[in-house]
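The structure appears right after this line, and notes come after that.
A note on names: the letters A, B, ... follow the listed sequences, proteins ahead of strands, and every chain is numbered from 1.
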Amino acid sequence: MANEDISAALSAEDQDLIEKAYEALGGSAEGVAPSDVDFDMIENGGPDAPQKSKWQRWKENFKRRGWILVFILPALIYVIIFCYVPMYGILAAFQDYMPGDPIIGSETQWVGWDNFKTFFSNPNFPNYFVNTFLLCILGFIVGFPLPIIVALLLNSVRPKKVKKGLQILYYAPHFISLVVLVGMMKFMFGSDGLLDNLSKNLGGGGVDLFLKEGAFRPLFIFSGNWQDFGWSAIIYLAALSGVDPALHEAAKVDGASRFRRIFSVDLPAILPTIVMLMILSVGNLMSCGYEKVLLMQTDGNIEKSEILSTYVYNFGLIGGQYGLGTAAGLFNSVINVALLVIANFTSKKLSGNSMW
Amino acid sequence: MKKAIIGITAAVIWLVCVIAFAVASADTKGSEHQFTVLAVKEDSVMNYNTMPVFQQLAEDTGIEVNWTYNTSAQYSNNIDPVGTKGIDAIYHSGFSNLKLYDYGRRGRIVAIDQYLDSMPNFSKILKDRPDIKQALISPDGHIYSLPRVEEMGLKSYPNILYLNKKWVEKLMDEGGLPALTEPLTKDDLKDGLVLYRKDFKAILQAFKDNSYIGDSNKVPLSFVNGNWQGNVSDLIASFGVPENRDHKTIVNGKVVFTIEDEKWFNAVKELQDWYSRGLIGSSAFSQTDNEFLARGQDGRYGAFYWWEKDTVLAKDIRDDYIIVEPLKDDDGKQYVGVSNELEIEKGECVILDACQDKKGLLSYFDKFFEPEYSAQLNYGSIKSGAFLSGKVNGKLVPNDDHGVQSADDFRMKNAPYGVVYLTAEVWEKSVEMESRAKLRLENLENYVKPFTFEGATPIPNLNYSQEDLITLNTYESSLANNIASWFTKAITGGAVPSEDSWKSLLDTNRASIDAVLQLNQKAYDSYVAAIAD
């Protein structure tokens with residue numbers, strides 16, 4: 001498009017601004033497309049203009065483009081209603097609460113920090129804490145790099161059909177329900193299961209991995225990863241598909257091997273995605289779901305398998321001590337938030353990538 | 001095209017929402033004054049509204065009750081059943097002591113003791129039976145629920161040891177029976193067999209070693225660890241400790257933990273040996289009761305502990321199994337402990353504060369305590385054939401013949417259970433026991449009860465202050481977890497448990513053990529004092 005056409009399309013006011021800008025930059029209007037213009041600076045009357053306060057600038061900005069905010073309104077309302085409003089429920093952590101009691105009202109029975117005291121004075125509390133931490137952190141160490149490796153490898157597979165086939169094969173287990181998954185594990189590793197019968201028929205004493213507390217974490221983590229590594233790889237594959245083929249071409253011309261290209265082209269390209277997902281998963285580090293843990297729990301492994309979320313379930317929901325359950329859940333969330341902040345800060349310092 | 005599809009989808013979603021809302025709001029109207037009671041009931045159980053016993057009750061009292069239901073799965077997801085709109089009471093509420101008290105002191109469920117004037121049966125029970133009154137009282141002195149009382153004397157002994165007679169005979173025939181301290185003949189193989197524990201072990205070992213007994217599926221000894229019935233307590237008790245599944249009992253008025261006894265530790269060591277030899281199936285520590293029952297049907301157990309044998313075994317192999325008395329200790333003595341399963345259960349039925357006519361509804365439930373109604377609620381209506389039509393010697397006689405249906409299936413379908421009052425007196429005067437129950441009682445009298453550990457009694461329903469209840473809740477559950485975990489690991493862990501590991505179990509849980517014992521003892525002492533008054 002010629003500059004004349006663009007100028008015609010702009011309002012008189014804007015044109016004025018552009019002229020001003022060119023003058024300020026000390027150049028001429030020739031050959032400069034409107035997209036190269038820093039409107040904010042122009043609106044402020046160029047670098048030499050008297051500085052307007054931030055507030056004034058914001059006000060002017062709002063007047064001109066404030067209506068765009070309407071677009072984020074539905075999302076904002078949704079988040080407020082469904083994420084922030086229900087949060088008043090955490091007040092139950094400081095109450096002797098029964099369902100049906102008003103959270104804030106004359107009948108509310110406030111107990112201060114009593115629920116937390118009861119929770120921390122539970123003789124098994126240190127054990128629950130360590131169990132939760134170890135289960136989650138080990139799960140993270142094994143489970144975080146796995147989908148990245150899988151995605152990088154899948155991305156290097158050349159025949160498209162093979163690539164698609166493998167991808168489906170990898171993420172299909174994601175759709176198995178937890179109960180069925182644990183059932184399958186019991187058939188394989190439980191009593192009278194595959195391993196047990198194999199060992200008995202070979203003259204051994206039989207093995208039930210569900211009774212061995214040392215086997216709980218490996219079973220939990222590896223079954224979880226087996227189920228989800230393909231699914232989690234999808235997001236990295238999407239990021240990889242955005243890599244400019246020209247970069248690969250160039251690397252090839254320079255004689256880079258396929259392996260070299262993974263490290264020098266693919267990996268740097270998806271690094272921001274990796275960092276972002278890492279921050280997010282660190283924020284969820286202490287929140288393993290209780291469902292699978294409960295399904296896998298036996299008297300034999302309970303010393304390793306009783307975690308904070310099963311405690312919340314057993315005391316809060318089953319035992320009817322809702323305040324105590326909420327207190328334990330709140331404690332867990334506070335740790336999660338702290339971890340999230342630390343992870344974000346560290347990543348900002350080290351790689352420049354961060355959530356905020 | 002795309003836009004059209006999106007538009008249609010949006011329209012459909014809107015329509016569904018609007019209709020759903022309309023239907024939901026139409027549902028809430030139309031409540032005449034009539035009692036509505038929420039019952040926790042499985043779909044397989046008959047509709048209470050058409051059950052003859054409830055129709056008879058309605059005729060008798062002139063009070064109409066409309067029953068609505070939650071299945072137990074729905075009910076457990078219902079976080080606030082007391083807040084359910086439009087109901088007056090919850091039947092089979094299953095509330096714990098703490099929940100009853102928590103709802104009660106908020107006034108959300110009714111303190112039933114205020115309405116005793118309109119409950120002649122219930123107030124008579126409370127007067128005659130101070131132990132039942134003690135069991136029902138909450139920390140604030142009120143009674144918030146109606147009880148279930150079924151005193152047959154069965155629950156204290158939830159385990160009987162059964163032995164596969166056919167397998168022993170096979171051993172005899174093939175010459176595989178090891179030398180025993182007291183030699184066995186085929187004539188000895190009948191109910192009430194007495195065996196030394198070491199002989200029993202030798203027999204199990206022979207079951208395991210001889211391939212003509214069965215394939216690798218066979219299980220010399222099975223039970224369900226930690227279950228209320230069919231647990232391994234009696235085997236441990238044979239070492240001379242009054243063991244039950246809580247590891248806690250009363251001996252001569254004193255609350256004790258069995259795990260503190262050296263004999264208990266010896267029993268665990270011995271069990272470890274049995275387990276590592278493959279005499280106890282590994283499934284014993286991980287199976288649920290249903291899995292245990294399913295595995296037992298084809299007769300793969302050499303011996304097992306259970307309530308009775310009929311549910312465990314398929315019909316054609318039931319005669320293959322005989323009752324073994326509690327195993328003899330090396331010094332020739334026999335012991336069993338008593339369980340803490342109680343015959344007085346609270347929390348069966350609660351009345352909500354929302355009920356408009358509490359007196360009326362309670363006078364209705366009061367009828368449940370009459371023997372004739374209790375019997376029908378517990379076994380099924382007379383009209384549907386749960387009892388013979390005529391009374392014999394003034395007693396209701398159960399009908400055992402239900403055609404193709406098993407007695408258990410008939411009862412599960414036809415009996416609502418819940419609030420009943422069937423005491424020793426009722427069994428004597430008004431209702432004949434089921435033949436199955438009579439048989440079990442007979443077996444217990446002959447083969448189990450005589451060997452009860454001297455002075456051992458179950459821990460009754462005790463009352464605690466609110467503070468004590470919460471303390472107890474915290475300590476008891478973590479202690480129970482720790483003991484169960486140590487016990488299972490000690491036996492299945494592959495190494496003989498060391499004395500040190502046992503001592504460290506006791507030491508690390510010392511605070512919990514002492515706190516629980518102290519609170520229990522305090523409550524028990526005041527219970528005894530209250531009963532004596």
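Figure legend: A:K292 and A:F220 shown as a cation-pi pair, the cationic atom lying under 6.0 angstrom from the six-membered ring centre and within 45 degrees of its axis.
For chain A, no part of B:T471 is nearby; none of its heavy atoms comes within less than 4.5 Å. With a 4.5 Å cut-off on non-hydrogen atoms, B:L98 touches chain A through its side chain but not through its backbone. Proximity to chain B involves both the backbone and the side chain of A:E303, based on heavy atoms less than 4.5 angstrom apart. In this structure, no portion of B:F487 lies under 4.5 Å from any heavy atom of chain A. Using a 4.5 Å cut-off between heavy atoms, A:L211 touches chain B through backbone and side chain atoms alike. If you measure heavy-atom distances from A:F119 to chain B, you find no contacts under 4.5 Å at all. Residue A:F125: no heavy atom, backbone or side chain, is found under 4.5 Å from chain B. Neither the backbone nor the side chain of A:Y311 comes within contact range of chain B; no heavy atom of the residue lies under 4.5 Å from a heavy atom of that chain. Residue A:N122 touches chain B through both its backbone and its side chain, counting heavy-atom pairs closer than 4.5 Å. When heavy atoms are compared at a cutoff of 4.5 Å, B:S485 approaches chain A by way of both its backbone and its side chain. Heavy atoms of A:N301 lying under 4.5 Å from chain B are absent altogether. B:S512 touches chain A through its side chain: at least one heavy atom from C-beta onward sits under 4.5 Å away, while N, CA, C and O do not. Contact annotation for B:Y475: only side-chain heavy atoms (C-beta onward) come within less than 4.5 Å of a heavy atom of chain A. Of the atoms belonging to A:E107, not a single heavy atom falls under 4.5 Å from chain B. Proximity to chain A involves both the backbone and the side chain of B:N473, based on heavy atoms less than 4.5 angstrom apart. If you measure heavy-atom distances from B:R277 to chain A, you find no contacts under 4.5 Å at all.
B:N225 and B:R245 are not linked by any side-chain donor-acceptor pair at a separation below 3.5 angstrom, with hydrogens and angles left out of the test. Using modelled atom types and a 3.5 Å distance limit, the side chains of B:E260 and B:W264 yield no donor-acceptor pair. Side chain to side chain, A:D208 and B:S286 meet the donor-acceptor criterion of an N or O pair below 3.5 Å. No hydrogens or angles considered: nothing links the side chains of A:Q95 and A:T108 as a donor-acceptor pair under 3.5 Å. Using a 3.5 Å distance cut-off with no hydrogens or angles, the side chains of B:S498 and B:D500 do not pair a donor with an acceptor.
If you take OG on B:S282 and CG on A:D192, they are separated by 6.0 Å, rounding to the nearest 0.5 Å.
Looking only at heavy-atom pairs under 4.5 Å with chain B, the residue among A:S191, A:G319, A:G214, A:G320 that has the most is A:S191. With chain B as partner, the option from A:N197, A:D101, A:N201 having the largest number of non-hydrogen pairs under 4.5 angstrom is A:D101. When each of B:S276, B:S283, B:G83 is checked for heavy-atom pairs under 4.5 Å with chain A, B:S283 comes out on top. The candidate from A:D299, A:T298, A:I302 with the greatest count of non-hydrogen atom pairs under 4.5 Å with chain B is A:D299.
Between B:D102 and B:R108, none of the side-chain N atoms (NZ, or NE/NH1/NH2) sits under 4.0 Å from a carboxylate O, so this pair counts as no salt bridge. For the pair B:R105 and A:D96, the salt-bridge criterion is met [side-chain N within less than 4.0 Å of a carboxylate O].
For A:F133, the CZ atom is loosely surrounded, since the number of other residues' heavy atoms within 6.0 Å does not exceed 12.
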Apply side chain to side chain contact (heavy atoms under 4.5 Å, CB included) to residues A:F129 and A:F331 and explain how you reach the verdict.
CA-CA 11 Å; A:F129 188 76; A:F331 169 73; 3.7 Å; yes
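A 4.5 Å side-chain heavy-atom check between B:K208 and B:L279 finds at least one atom pair inside the cut-off.
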